[in-house]
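Notes follow the structure.
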Amino acid sequence: MRLPISIFVSVSLFTAETTAALYLSSTYHSAGDQIWQGLTLLFTLVPSVLVQLTLTFIHRDLSRDRPLVLLLHILQLGPIVRCLEAFCIYGSVGRVEEPYVSITRKKQMPRRGQSEEVERQVGQAEGKLFTHRAAFARTSVIQAFLGSAPQLTLQLYICILQQGVSIGRGTLMVISLLSIVYGALRCNILAIKIKYDDYEVDVRPMAYLCIFLWRSFEIATRVVVLVLFSSVLQLWVLPVVLLNFLVFFFYPWILFWQSHSPFPENIEKTLTRVGTTIVLCLLTFLYAGINMFCWSAVQVKLNDPDLINKSQNWYRMAVYYMLRFVENASLLLLWYINKTDFYKFFCAPLLVLQLLVAYAFAIFFMLVFYQFCHPCRRLFSSSMTRGFWNCSSLLCLMCNSASPPNRPMGKSPRPATITESANDGAHDTASDTTDDTPNETSYDMLDDTIYENAVETGNDVSGGINGDINHSAPCNTQSITAV
């Protein structure tokens with residue numbers, strides 16, 4: 001059994017950030033900055049309350065007689081108590097005989113087109129420790145994107161306004177950045193384990209390094225761009241932020257309404273329909289908060305029993321990064337046009353170039369991760385490079401079709417000869433034949449649904465650019481007969 005290091009890191013970052021924020025808010029109070037003090041406390045206490053509620057909800061403490069634990073959660077000390085409990089469980093493993101064990105079956109990564117199932121006994125203590133790890137993985141994401149990300153943006157904005165960085169503010173900014181990157185890393189690992197739950201997933205150190213570099217460049221660049229834009233156009237930053245947030249908040253709900261699926265009732269048996277709606281709204285709220293700063297590895301799908309989209313959609317990822325790069329470049333251009341005298345000490349064109357290159361580095365490390373370091377890349381039914389290439393080709397095709405053809409002006413068309421007419425007729429016949437033939441697979445980019453005009457033979461499932469996983473048969477044994 002592995003040492004619960006991830007739990008210790010989550011609690012350490014949570015405690016350090018809360019302590020630094022409380023100290024910084026006291027300095028704001030001493031200096032008479034009531035607005036900065038209130039916002040600093042807001043971005044500290046709100047995610048802390050959400051973390052306590054998440055831990056209570058996952059461990060089902062409301063249905064158990066544990067008044068002391070509930071009191072500690074009310075006092076915002078729940079993560080520390082849960083961490084101590086997890087280490088006590090880890091220390092008791094092997095000392096007391098387990099009353100019963102459960103057997104789990106996991107598939108190994110396919111080798112030479114075959115995958116073997118492995119049975120493993122899981123004791124009661126290991127099951128409890130697994131619940132603790134899963135709970136803290138989710139709380140790390142909540143703390144990162146609903147607390148640390150707004151906190152880092154706020155403190156960096158204050159640094160620009162006051163033209164200086166104090167020790168307390170700099171410490172809080174460093175801890176917040178580490179918390180955001182760690183939360184994004186946990187989000188990636190959580191998405192992998194949810195999507196490939198049937199497989200024994202082993203994440204290598206190189207994969208952790210690629211994710212860390214990818215998320216560090218992506219999040220740091222995004223925060224700096226938003227702060228620079230807000231420092232010169234304060235009135236326009238609110239519409240930009242609200243538009244981004246509302247798009248990602250309502251996007252899963254739009255897909256859910258388009259699917260005509262029944263309302264999900266299997267989240268928690270004790271929850272009413274109102275309670276389930278509140279939980280789903282909080283989930284999409286967190287999803288929007290993640291996508292505000294970086295790509296969310298966990299894609300919400302409300303019509304799925306697990307509420308998670310388990311298909312790897314390269315189209316959606318490519319469109320997100322293309323639009324985000326264009327948005328960052330546009331915001332930097334507006335900042336460069338409207339920059340104040342404070343930035344005369346900086347080389348503005350060089351700063352813009354560095355930020356764009358940093359975001360390009362983020363995309364580069366993301367591609368390296370999915371192409372070479374992803375622990376389940378053998379299960380991809382199509383390569384990421386092919387998906388991105390097809391997406392860019394589709395965008396180019398759409399741009400070419402939207403632009404009007406260039407025709408010569410002032411010249412009458414030359415009369416067509418008999419040979420040209422014959423060729424044109426043959427060409428039209430071939431085009432009609434091609435258009436009437438149904439495509440092998442067509443993709444709906446909004447709801448990730450694959451419409452296949454093909455008859456499948458056997459039990460194979462054809463994979464496409466979306467990268468759906470083929471569980472019923474190896475990826476290299478697909479057989480499709482076109483209609």
Side-chain angles (χ1 to χ4, degrees), residues 9-57 70-83 136 138-184 219-220 222-224 226-227 229-231 234 237-238 240-242 244-245 249 278 281-282 285-286 288-290 292-293:
V9 174
S10 300
V11 176
S12 299
L13 290 173
F14 173 81
T15 307
E17 186 175 4
T18 304
T19 305
L22 292 177
Y23 169 76
L24 185 60
S25 64
S26 66
T27 61
Y28 287 145
H29 178 73
S30 302
D33 296 329
Q34 303 296 330
I35 297 178
W36 303 141
Q37 180 194 8
L39 291 176
T40 302
L41 290 176
L42 177 66
F43 294 142
T44 302
L45 296 179
V46 170
S48 178
V49 172
L50 293 177
V51 166
Q52 313 299 325
L53 292 176
T54 303
L55 291 174
T56 305
F57 179 79
L70 292 177
L71 177 62
L72 292 173
H73 276 292
I74 294 175
L75 298 176
Q76 307 301 306
L77 298 176
I80 300 176
V81 176
R82 299 291 186 184
C83 180
F136 275 100
R138 287 156 176 81
T139 56
S140 296
V141 179
I142 294 174
Q143 174 67 25
F145 293 100
L146 298 184
S148 302
Q151 189 75 267
L152 177 60
T153 307
L154 172 67
Q155 302 307 325
L156 186 58
Y157 178 75
I158 297 174
C159 289
I160 293 179
L161 290 184
Q162 298 183 356
Q163 301 181 9
V165 182
S166 63
I167 297 177
R169 192 183 299 127
T171 303
L172 179 59
M173 289 169 59
V174 171
I175 297 174
S176 298
L177 181 59
L178 291 176
S179 177
I180 301 170
V181 174
Y182 180 74
I219 294 169
R222 179 64 175 170
V223 170
V224 173
L226 289 176
V227 170
F229 179 75
S230 62
S231 64
Q234 291 88 354
V237 67
L238 187 60
V240 171
V241 172
L242 284 179
N244 275 271
F245 189 86
F249 179 81
I278 294 175
C281 288
L282 290 176
F285 187 85
L286 175 61
I290 296 174
M292 173 69 65
F293 295 93

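Heads up: numbering here begins at 1 and tracks the sequence.
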Exercise. Of the non-hydrogen atoms in Gly183 and Val141, which two are nearest, and what is the gap between them?
Worked result: O-CG2, 3.6 Å

Problem set entry | Exercise: identify the closest heavy-atom pair between Leu50 and Thr54 | O-OG1, 2.7 Å

Seminar exercise, completed: All heavy atoms of Cys281 vs all of Phe249, minimum pair found to be O-CE1, 3.6 Å

Exercise. Looking at Val51 and Pro79, what are the two nearest heavy atoms and their distance?
Worked result: CG1-CG, 3.9 Å

Problem set entry | Atom CD1 of Ile167 with >12 non-hydrogen neighbours under 6.0 angstrom | no

Exercise. Side chain to side chain contact (heavy atoms under 4.5 Å, CB included) between Leu55 and Arg138: does it pass, once the steps are laid out?
Worked result: CA-CA 9 Å; Leu55 291 174; Arg138 287 156 176 81; over 6 Å; no

Exercise. If we ignore angles and hydrogens, is there a donor and acceptor under 3.5 Å between the side chains of Ser10 and Ser140?
Worked result: yes

Exercise. Does the side chain of Glu17 come under 3.5 Å of the side chain of Thr44 through a donor N or O and an acceptor N or O?
Worked result: no

Exercise. Is any side-chain heavy atom of Phe293 closer than 4.5 Å to a side-chain heavy atom of Thr153?
Worked result: yes

Exercise. What distance separates Leu22 CG from Leu45 CG, expressed to the nearest 0.5 Å?
Worked result: 7.0 Å

For this session: Output all residues satisfying ring-ring contact (aromatic ring centres under 6.0 Å, His included) with Tyr23, sequence neighbours left out; order by chain, then residue number.
Result: none

For this session: Could you check if a side-chain atom of Asp33 sits within less than 4.5 angstrom of a side-chain atom of Gln162, using non-hydrogen atoms only?
Result: yes

For this session: Drop me the distance from Ser48's OG to Ile142's CD1, to the nearest 0.5 angstrom.
Result: 11.5 Å

Exercise. With distance as the sole test, does Gln52 use its side chain to make a donor-acceptor pair with the main-chain N or O of Gly78 at under 3.5 Å?
Worked result: yes

Seminar exercise, completed: In terms of heavy-atom contacts, Leu152 and Leu177 come closest through CD2-CD1, 4.0 Å

Exercise. Does any non-hydrogen side-chain atom of Ile35 lie less than 4.5 Å from one of Tyr28?
Worked result: no

Seminar exercise, completed: Here the gap from Leu154 atom CG to Leu42 atom CG, rounded to the nearest 0.5 Å, amounts to 9.5 Å

Exercise. Sequence neighbours excluded, which residues qualify as side chain to side chain donor-acceptor pair (under 3.5 Å) partners of Tyr157?
Worked result: none

Problem set entry | Point-to-point distance, once rounded to the nearest 0.5 Å, from CZ of Phe136 to CZ of Phe14 | 9.5 Å

Exercise. Would you say Thr18's side chain and Thr15's backbone share a donor-acceptor pair under 3.5 angstrom?
Worked result: no

Exercise. Around atom CG of Leu75, are there more than 12 heavy atoms of other residues, nucleotides or ligands at under 6.0 Å?
Worked result: yes

Seminar exercise, completed: Taking every heavy atom of Cys159 against every heavy atom of Val165, the minimum-distance pair comes out as SG-CG2, 3.7 Å

Problem set entry | Heavy-atom check, side chain of Val46 versus side chain of Leu146, under 4.5 Å | no

Exercise. Can you find a side-chain donor-acceptor pair between Ser176 and Gln151 that sits under 3.5 Å?
Worked result: no

Exercise. Nearest 0.5 Å, what's the CH2-CG distance between Trp36 and Leu161?
Worked result: 5.5 Å

Problem set entry | Approximate separation, where rounding is to 0.5 Å, of Gln34 CD and Ser25 OG | 11.0 Å

Exercise. With distance as the sole test, does Arg169 use its side chain to make a donor-acceptor pair with the main-chain N or O of Leu24 at under 3.5 Å?
Worked result: no

Exercise. Does Ser148 reach the main-chain N or O of Gln143 with its side chain, forming a donor-acceptor pair under 3.5 Å?
Worked result: yes

For this session: Not counting sequence neighbours, which residues clear ring-ring contact (aromatic ring centres under 6.0 Å, His included) with Phe245? List them please.
Result: Phe285

